[in-house]
Amino acid sequence: MITVALSKGTLLAPALELFRRAGYAKNGISAESRRLVFTDEDRGVTFLIVRPTDIPTYVEYGAADAGVVGKDVLLEQEKDVYEPLDLKIGGCRISVAALRGREQRDRLSAKVRVATKYPRITERYFNRKGVPVEIIKLYGSIELAPMVGLADRIVDLVSTGKTLKAHDLVEVDVIARSTARLIVNRASLKMKHGGLTELIERLKRGRPRRAR
């Protein structure tokens, strides 16, 4: 039996669709269900529905043999997992944004205050730019920070850009592109090589041609 951790939230439905195209999760598994564990007896796969930020930990420690998670989470956490496949779903970008009219304002003589739920990614980005930064870790409503004077910039995940526009924010720079990735526990890849290799190949054939 192979255990696969899938992300709760917006990535769950397209991930389940991809697994179904690959021949898995065809019966009784729904993105609308409140259940957290599903078993596909025919294919020998158990699915866990987990918070996206927890998936790399489940996989790294072997509680799940594989998982589906956004590249943004992997860049932030830097867990020791094998990343064999870009699934080409859940496309978005990690961007720097500022209030409209203030996007050209640089404070190189003082720290730039940045609100984000990606402190490591943010620190690496501004360090490369040579800009001193003060990072404010938030867990939600990142867009409010510049509006109330909490931060000069935000670093957040952007898909369509509609949320930024609604809060009069504009993108200053794109740090990285993110799509959903299949990650695998390194020990599991050796001990369950046949099943995981088949899973990888089936998912590879079922992927969209372009990221979405």
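Quantities reported herein were computed from a predicted structural model and do not represent experimental measurements. Side chains included, hydrogens not; waters and symmetry mates left out as well; all remaining heavy atoms used.
- Taken to the nearest 0.5 Å, the OG1 atom of T197 stands 13.0 Å off from the CZ atom of R202.
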Legend entry - Intermediate values then yes/no, side-chain contact (heavy atoms from CB on, under 4.5 Å), V184 and V59: CA-CA 6 Å; V184 177; V59 175; 5.5 Å; no
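- How far CG of L75 is from CD1 of I175: 10.0 Å, rounded to the nearest 0.5 Å.
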Inset, instruction - Decide side-chain contact (heavy atoms from CB on, under 4.5 Å) for N185 and Y58; before the verdict, give the C-alpha distance in whole Å, the side-chain angles of both, and the deciding distance to 0.1 Å. - result: CA-CA 9 Å; N185 176 272; Y58 273 71; over 6 Å; no
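- In summary, R43 and E198 engage in a salt bridge, as defined by a charged side-chain N under 4.0 Å from a carboxylate O.
- A salt bridge links E83 and K71; the closest N-O separation between the charged side-chain nitrogens and carboxylate oxygens is under 4.0 Å.
- For the atom pair CG of L199 and CG of D65, the computed distance is 9.5 Å after rounding to the nearest 0.5 Å.
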Inset, instruction - Please report the C-alpha distance between E134 and R153 in whole Å, then the side-chain angles of each, then the deciding distance to 0.1 Å, and finally whether the salt bridge (charged side-chain N to carboxylate O under 4.0 Å, His left out) criterion is met. - result: CA-CA 10 Å; E134 178 185 352; R153 299 280 191 272; over 6 Å; no
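- Between T39 and M1, the closest heavy-atom pair is CG2-CE, 3.9 Å.
- In this structure, D152 does not pair ionically with R113, as no charged nitrogen and carboxylate oxygen lie closer than 4.0 Å.
- Salt bridge R128/E123: absent, no basic N to carboxylate O contact under 4.0 Å.
- Note that the CG atom of L85 and the CD1 atom of I183 stand 12.0 Å from one another [nearest 0.5 Å].
- Using a 4.5 Å heavy-atom cutoff, the side chains of L48 and L6 are not in contact.
- How far CZ of R181 is from CG of D86: 4.0 Å, rounded to the nearest 0.5 Å.
- Ion pairing between a basic and an acidic side chain is recognised when a charged N comes within 4.0 Å of a carboxylate O; E201 and K204 show such pairing.
- A centroid separation of 6.0 Å or more is found between the aromatic rings of F47 and Y24.
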Inset, instruction - Start with the C-alpha gap between L11 and V68, add the side-chain angles, then the distance that decides, and say whether side-chain contact (heavy atoms from CB on, under 4.5 Å) holds. - result: CA-CA 9 Å; L11 194 54; V68 173; 4.2 Å; yes
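- In summary, R93 and D72 do not engage in a salt bridge, as defined by a charged side-chain N under 4.0 Å from a carboxylate O.
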